[in-house]
Amino acid sequence: MDYWFLLYCKPKQEQRAQANLAHQGIESFFPFAEFTTLNRGKRVTSLRPVFPNYLFVKLNAESGPFAAVKNTRGVSRFIAYGQKYQTVPDSLVDQLKIMEPKQLHGDTLPKQGDVVILNTDSFQNVQAIYQEPDGDTRCVLLLQLLNQEVKIIVDNTAIERTTN
């Protein structure tokens with residue numbers, strides 16, 4: 001019976017390992033997701049590994065080429081508990097395969113004009129309007145206080161998007 005096993009790859013060599021496994025006719029899976037970050041004040045979206053250094057590989061538990069997989073370039077070792085190699089449920093790998101990259105991570109930055117919820121020591125569950133990033137870790141928000149619009153600067157971790 002075929003199972004998904006978990007491999008640990010050498011740093012930054014997951015794609016190399018996946019290509020070498022494909023040349024051997026071995027099915028593998030390495031999930032990516034889109035990540036949005038700020039780089040010098042600009043919003044940058046890039047594809048990054050969901051599980052860096054880890055690769056899923058499908059092998060027959062009794063007759064799979066475990067030695068060949070262990071000796072594949074880019075592969076460091078199988079993840080094991082005691083003497084038994086770690087298996088991963090098919091349902092988990094299937095879910096990762098069908099998910100959109102944006103569904104795999106939910107921390108994309110808001111865009112200008114988006115309504116966000118502010119949660120700080122001073123403001124709990126207060127709606128604000130996202131204005132712009134302020135460096136890599138902070139942002140400028142527009143608040144309605146005492147019938148006036150006020151700009152404040154807060155950490156990105158203090159805001160969350162609304163579902164509207």
Side-chain angles (χ1 to χ4, degrees), residues 1-112 114 116-120 130 132-141 153-163:
M1 182 169 214
D2 288 349
Y3 293 100
W4 285 101
F5 292 91
L6 190 57
L7 292 176
Y8 186 79
C9 296
K10 294 175 183 172
K12 308 273 188 206
Q13 293 194 28
E14 304 94 341
Q15 290 177 318
R16 178 184 194 183
Q18 188 175 28
N20 288 324
L21 289 167
H23 287 302
Q24 298 174 48
I26 298 171
E27 183 180 358
S28 63
F29 177 59
F30 182 54
F32 281 91
E34 284 184 359
F35 286 88
T36 303
T37 57
L38 286 176
N39 187 1
R40 296 183 183 159
K42 293 191 178 190
R43 196 180 306 263
V44 178
T45 301
S46 61
L47 283 177
R48 293 188 193 163
V50 176
F51 308 110
N53 294 13
Y54 291 93
L55 184 69
F56 301 98
V57 64
K58 192 162 197 162
L59 298 171
N60 186 295
E62 296 172 10
S63 62
F66 289 92
V69 171
K70 276 198 285 190
N71 293 316
T72 299
R73 285 181 182 226
V75 173
S76 182
R77 66 186 188 294
F78 277 92
I79 299 298
Y81 289 108
Q83 297 291 335
K84 198 170 184 180
Y85 292 145
Q86 179 62 43
T87 59
V88 178
D90 286 346
S91 59
L92 174 65
V93 175
D94 291 341
Q95 282 180 331
L96 289 171
K97 282 184 173 183
I98 63 172
M99 290 178 95
E100 293 286 323
K102 289 185 181 177
Q103 291 174 311
L104 289 174
H105 102 14
D107 64 341
T108 55
L109 296 170
K111 293 178 178 46
Q112 185 175 7
D114 285 354
V116 296
I117 302 294
L118 177 60
N119 285 309
T120 64
Y130 185 88
E132 62 187 356
D134 182 42
D136 292 342
T137 60
R138 296 179 305 180
C139 62
V140 178
L141 301 178
I153 298 173
V154 297
D155 285 343
N156 289 338
T157 57
I159 63 169
E160 58 186 68
R161 289 183 128 170
T162 61
T163 55

| remark: When rounded to the nearest 0.5 Å, the distance separating CD of Q86 from OH of Y3 is 13.0 Å

| field | Heavy atoms of other groups near K97 NZ, more than 12 under 6.0 Å | value | yes

| query | Looking at F5 versus F66, is the centre-to-centre ring distance below 6.0 Å? | reply | yes

| request: Could you grab the distance from atom CD of E14 to atom CZ of F32, nearest 0.5 Å is fine? | output: 7.5 Å

| query | Where is the tightest heavy-atom contact between P11 and N53, given as atom of each residue plus distance? | reply | CA-OD1, 3.9 Å

| request: Please round to the nearest 0.5 Å and tell me the distance separating atom CZ of F30 and atom CG of L21. | output: 12.5 Å

| Minimum heavy-atom distance C139-I159, with the two atoms named | SG-CD1, 3.8 Å

| Less than 4.5 Å apart, any side-chain heavy atom of K70 and any of V75? | no

| Does F56 reach the side chain of S28, with side-chain heavy atoms less than 4.5 Å apart? | no

| request: Locate the shortest heavy-atom distance separating E160 from N119; write the atom from each residue and the value. | output: OE1-ND2, 3.7 Å

| Heavy-atom side-chain proximity of Y85 to V69 below 4.5 angstrom | no

| request: Working to the nearest 0.5 Å, report the span between CD of Q18 and CD of E27. | output: 10.0 Å

| message | Could you check whether Y8 and Y54 have their ring centres less than 6.0 Å apart? | response | yes

| query | How would you list, by chain and number, every residue that makes a side-chain hydrogen bond (donor to acceptor under 3.5 Å, both in side chains) with R16, sequence neighbours excluded? | reply | Q13

| query | Any side-chain heavy atom of I26 within less than 4.5 Å of one from T72? | reply | no

| Heavy-atom closest pair, residues Y130 and P110 | CE2-O, 3.4 Å

| request: Of all the heavy-atom pairs spanning C9 and A17, show the shortest one and how long it is. | output: SG-CB, 4.0 Å

| Rounded to the nearest 0.5 Å, what separation is found between the CH2 atom of W4 and the OG1 atom of T87? | 12.5 Å

| task | Give the minimum heavy-atom separation between K58 and D2, together with the two atoms involved. | result | CE-CB, 3.8 Å

